[in-house]
Amino acid sequence: MERLDDFITLTAGNTSLVLACGIGSRPSILYWGSRLKNTDPALLQLMNTRQSAQGGTDTVVSASLLNETGSGLPGLSGFSAHRDGRSWASLFKVVSVEQPSESEVVITCDDEVTDVRAIHLIGFNPDSNLMTCQTKIINRGDDALSIDWCAAASLPLNPKASRLFGFTGRWSDEFHIEEVEPFMGSYVRENKSGRTSHDSFPALLACGTETIEQSGPSFGFHLGWSGNHRVRVDRLSDGRAFVQLGEYFYPGEMQLAPGDMYTSPVLYAGFTTRGLSALSRKFHYHLRHFVMDGRINEKPRPIHYNTWEAVYFDHDLGHLKKLADAAAHVGAERFILDDGWFGGRRDDKTGLGDWWPSLDQYPEGLGPLVDHVRQLGMEFGIWFEPEMVNPDSELYRAHPDWILQADGVEQVPFRNQYVLDLTRKEVTDYLFEHINKILSDHDITYVKWDMNRDINHPGSRGRPAVYKQTRVLYDLIDRLRQEHPAVEIESCSSGGARADYGVLRYTDRIWTSDSNDALDRQRIQRGASHFFPLEVMGAHVGPETCHITGRRLTMKLRVATAFFGHMGMELNLLEEVPQDIEVLKKGLELHKKHRALLHGGDFHRLDTPQHVNAIGVVASNMDEGLFSWCNMTGHRETLPGRIFFTGLAQDYKYRVRIIWPAPVVSTTSPSIIEAADLIDGGCVIPGEALMRVGMQVPLMKPETCLIYHLEKV
Ligand code: DGJ
């Protein structure tokens, strides 16, 4: 930390952030990038000198932490508000600067004309080196302030970051990374789904032209928020570019009464010169240690058996017990009873909201099934979709007014269900009471918290309410967690539509995608891995023919794919052929053997030819590593190429083995498998050679995945 009159320099690891924030000035970021050791901040300001250009303003309009409307800066303001059409041009000047610690700064700014105070909270976590930004807005005036937009910060984009990547996707195909063509103007993604969304994960990656997974300047941005959001990058014609992420508000949604304060969600921002994988590791580290609460850090993540694709709504106690027996036999450690156990829920048209065991399916309640599962030595988990109600339910018949809706507008039909208005206390009390009862009455240690529709008309008592709904949702989950601290919670939303650092402050796992198609999952998990570590990503072995894509994939590939995640199963074990059951059993055993490394190690995506997805995890002391090489398709050349391992110690020697599939057989032989004895004794190779020379991959069929194990000798 350095405080030189008008400047503050925050340093974390190899990164510096230099702010200009003299009293009476507009606060701005002078520099964010590789650590500067000898450069005077005043010199940075000098180096940033701009000038007026022909056809433009006569004086230079400088940028600030919010690029607020009153500055006159062209391009989108980071803060836009008004009082019934007046006081719309706030211009913030610093009134105080505080440093709660060496690595944090709180910059308070006022606008005396519009009577608005903006407080910037900017911090660098000294361990993860990740930056967090938040904006607080206080209405200091005498009448209501309507906020149309408030970014968590408006961050100048480093000129070296000329390549930009956004996130897209859809149901069952989340976390696509899309490179944005160079542009002048704006790249904007607005999410109005009322959840984090399948199609617009709130994140951006920016990097240099030379950046790859293993090297090059890389910047990452993620908004920790599960409601509506806006992500935008504005490149002005004067060459400057700014990144803004914040909540999206419907008209009139964010009204501050006199004295009230708004706090934006947290923007997480990372930088490294060591490539996109190193950037991900910073985010992973931060999530593991500073976002999630660490309650379950010491506990191995149990292998799941989830009933959804095995039975859907067809719940029969005898059948479920048989599935539990089969799950325990193959090695499951937790049995999760998915949708269909409650109220009149025989299909997706009925029962949501009636959170008591269905008397038809469970005449004696859930006790007999829970006891059976517990006797098999497995934990019991259960599915809820608390925020929803079917019109055909006792809850809706009793309280048709408990839903979100826009006055005079028809509901948009969506999976036959409406969204409950959580901003009403009686609604959250009802949900708390019923979920609490189920969790208190039974030995349950896991909740899958689902949310299966967009909120198209999020109106509560005439006003839009996604902001409030999302915060109350967090509070409700938190309240249940306080009451049942041993219960782990999974955030699911038709797969990965509610996966973000906001919800992970209160939950323990995300359901990455509804697609259990192993090839799709290879890509989806790779996309999600930019921000989520493996232990957080739910990954299940699905049926041979995927229910969603119809693609048939081998058990070996399905196992190898779910292996690199929080592993589980979601298939009818009673219908699988015995050979596949044996393969599955071996795969689960192998995962258990290595899960401490998988769930605690340093993650790497490998740079490979296009037909391959390769990833790896290396222990933080570099003693051990696991790498997966998946031939997603066939290859153009006759052989698949070399695997360049990464993250190893150059001067260590490693014993290299292929541990999956077991036994591994190359299409033609002899191959490197026999030559280097990769199955039995393994081959001892120095780290430097594994990383620099690379190792020929044996010839395998398309849709085959190898797992390499490397151990220091
Ligand atoms: C969507 C989830 O993503 C699925 O895993 C399953 O729980 C269904 N909902 C149940 O309705």
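Just so you know, these numbers come straight off a predicted model, no measurement behind them. Counting starts at 1 for both ligands and their atoms, following the listed order.
A donor atom on one side chain and an acceptor atom on the other are found under 3.5 Å apart for Trp449 and Glu387.
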Q) side chain to side chain donor-acceptor pair (under 3.5 Å) between Asn390 and Thr350: does it pass, once the steps are laid out? A) CA-CA 6 Å; Asn390 286 121; Thr350 52; 5.4 Å; no
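Using bins of under 30°, 30° to 60° and over 60° for the plane-to-plane angle, the ring pair His315/Tyr362 lands in the perpendicular bin. A perpendicular orientation is assigned to the rings of Phe563 and His591, their planes being inclined by more than 60° (bins at 30° and 60°).
Ligand 1 lies under 4.0 Å from heavy atoms of Trp308, Asp338, Asp339, Trp383, Arg415, Lys448, Asp450, Asn452, Cys492, Ser494, Gly495, Trp511, Asp514.
Side-chain rings of His434 and Phe384 stay apart, their centers remaining 6.0 Å or farther from each other.
In this view, Phe283 and Phe531 satisfy the ring pair (Phe, Tyr, Trp, His ring centres under 6.0 Å) rule, not counting sequence neighbours.
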